[in-house]
Amino acid sequence: MRDITGGVCAPEGFVANGIHAGMRKNKAKKDLALIYSKEPCIAAATYTQNKVKGAPLIVTKKHLKDGIAQAIICNSGNANTCNSNGVELATETSELVAKELGIKEEDVIVASTGVIGQPMVIDPFKEHMHELVAGLKKDGSDDAVHGIMTTDTQPKEYAVEFVIDGQIAHIGAIAKGSGMIHPNMATMLAFVTSDVDISKEMLDIMIHEVVNDTFNMVSVDGDTSTNDMLCVMCNGLAGNKKIVFKDHDYQVMEDALFYICEQLSRGIAKDGEGATKLLTCKVSHAKSVWNAKAVAKSVITSSLFKAAMFGKDANWGRILCAIGYAPADVDVNKVDVHLQSTVGDLYVCHNGMGVEFDEEFATKVLSEDEIIIAIDLNDGDYSATAWGCDLTYDYVKINGDYRT
């Protein structure tokens, strides 16, 4: 497996585009994106667990009942959530895409991101659909990823190439996510394309396995969004023997998909609203995977710990505090903690007690933009990793006037 360029257009048969259609006031910002496969795709998705769901998710769930899709349309600037005509708008949007592309309406995945509860009209979609479709191109992934960004400061776009069943295959992806991100959800918005030939049943199993250990282990601010969705479309153009069992080929593809989703997860956490640091919490030697995940999530979501990381303060007591209230079976008298960066390793806690350390060295370790919190529970054979970011002044500034 190797990293390549091309994003969602890296797999055979996919094209994309992104334009400004008028949903965002800033005309320099793209706000409408389209991904299209020249061949129908096997498709699967995961969705937010928030009880309040955006209208596009309701429509997409209906469209994906048969496991087939050929296009993804996504706007930014308006979440199309809590609107009385939301489902009608999402449905009409898919109709416009289908008509312009000459495909079935039910083969269109619809997504939206932006402000919740804002009035929305169909006009921008009607007025710009021809332009959007006419501009579809093989190198259009970058335009598409900019079309789905909201408060993101960096595009999240990845692609890999690998060999499966003797054939060269690809997976590409774009994602958006910066705020309103918390574990126990689906994802933020992530659109994944592949030319691997795989059955719907196997793809559905695979994305849930991968999401549980990647996107579900990301937290920026403790808020689970209303519009989160991960969609994967596979058109089979790689020419491999169709994957219908959990065999070697299944594992090869899952490894590639996991790698892509892990990179997206790291990118989303690092680009958290106002963030200056990516925090990676690695928990080892837990009694179970559940315990390892619960501890990692608890630490990465602690506001007090996140604030300490922003202040370059090695306040390891906040880590122990978060471990202590995690819904996990942990012997706190066995816990070891290290804080690590490219500068070095800072040992701060042994058997649940403090270890003397140099404060000046601690500041240097925590001044880097990527910090690893290594927690050894010394009580089993299981591990887990979670990703988050520091809590800064800018997070409050961004969300204090997000709507206005």
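When a residue number appears, it is its place in the shown sequence, counting from 1.
Under 4.0 Å is where a charged nitrogen must lie from a carboxylate oxygen, and between Asp143 and Lys137 at least one such pair does. Ion pairing between a basic and an acidic side chain is recognised when a charged N comes within 4.0 Å of a carboxylate O; Glu12 and Lys38 show no such pairing. Using a 4.0 Å cut-off between charged nitrogen and carboxylate oxygen, Asp390 and Lys306 do not count as a salt-bridge pair. By the 4.0 Å N-to-carboxylate-O rule, Lys62 lies too far from Glu106 to be salt-bridged with it. Glu209 and Lys246 are joined by a salt bridge, as a carboxylate oxygen and a charged side-chain nitrogen come within less than 4.0 angstrom of each other.
Looking at Asn240, its side chain never comes within 3.5 Å of a backbone N or O of Ala169 through a donor-acceptor pair.
Shortest non-hydrogen contact noted between Gly114 and Ala79 is O-CB, 3.5 Å. In terms of heavy-atom proximity, Ser298 sits nearest to Ala322 at OG-O, 2.6 Å. Annotation for Asp204 and Ala45: closest pair OD1-O, 4.5 Å, computed over non-hydrogen atoms. Counting all heavy atoms, side chain and backbone alike, Ile116 lies closest to Cys82 at CG2-SG, 4.1 Å. The shortest non-hydrogen separation linking Ile323 to Val299 is CG1-CG2, 4.0 Å. When all heavy atoms are compared, the tightest approach of Met129 to Thr93 is CE-O, 4.4 Å.
Under 3.5 Å, the side chains of Lys282 and Ser383 contain no donor-acceptor pair of N or O atoms. Looking at Gln340 and Asp345, their side chains do bring a donor and an acceptor atom within 3.5 Å of each other. One side chain, Asp195 or His170, offers a donor N or O that lies under 3.5 Å from an acceptor on the other. Thr214 and Glu262 form no side-chain donor-acceptor contact under 3.5 Å, judged by distance and modelled atom types alone. Under 3.5 Å, the side chains of Ser37 and Gln70 contain no donor-acceptor pair of N or O atoms.
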CA sep, side-chain torsions, deciding dist, call: Ile73, Leu132, side chain to side chain contact (heavy atoms under 4.5 Å, CB included) = CA-CA 10 Å; Ile73 180 82; Leu132 183 65; 3.4 Å; yes
Let me see the working for Asn75 and Asp31 under side chain to side chain contact (heavy atoms under 4.5 Å, CB included), right down to the final yes or no.
-> CA-CA 5 Å; Asn75 74 276; Asp31 55 18; 5.9 Å; no
Full working for salt bridge (charged side-chain N to carboxylate O under 4.0 Å, His left out) between Lys334 and Asp379 | CA-CA 7 Å; Lys334 294 181 179 180; Asp379 207 19; 3.0 Å; yes
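Taking the six-membered ring where the residue is Trp, His338 and Tyr347 present parallel rings, their angle staying beneath 30° rather than reaching 60°.
When the shell of 6.0 Å around NZ of Lys138 is examined, it contains more than 12 heavy atoms from other residues, nucleotides or ligands.
Seen from the ring of Tyr382, Lys287 does not count as a face-on cation partner, given the 6.0 Å and 45° thresholds.
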